[in-house]
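For reference, the structure discussed in these notes is given below.
All residue numbers in this chain count up from 1 along the given sequence. In what follows, every heavy atom counts, from backbone to side chain, and hydrogens, waters and symmetry copies are set aside.
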Amino acid sequence: MGKKKTEPFNNPFHGLKLPEPPPAEPEPALPPPAQPLPRRHEELSEEDLWSLALDGAQPLQDRKARVKPRPESLSVAPPELDPDLEAYDELRALVTGEVPFDISD
């Protein structure tokens, strides 16, 4: 029979001690939840709601004429596009899978 080995295997970290963990900081107290706005005890009547809706409205000067929308100004130049927009578009297409991703090099 062979001799039993009583020594443990080589443990290079045997003499090291783990550092003490830092003391846990108390969590900051959460502010109390916001109180909901107080509800009115009386509900507004239909007449009150209608008067609020019409507040600031003025009658038409000529009731026979048609109301036409204002034409949009065509003289305003469109905002300048971001120079990296094309790169962003290519990256979006790769991420969404719209274009194939080829790694041939």
Between CG on residue Leu54 and CG on residue Leu49, distance to nearest 0.5 Å: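 The CG atom of Leu49 is 11.0 Å from CG of Leu54, to the nearest 0.5 Å.
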
Nearest-0.5 Å distance that lies between atom CG in Asp84 and atom CG in Asp89: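 The CG atom of Asp84 sits 12.5 Å away from the CG atom of Asp89.
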
Whether over 12 other heavy atoms sit under 6.0 Å from Glu98 CD: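 Check passes, neighbour count above 12.
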
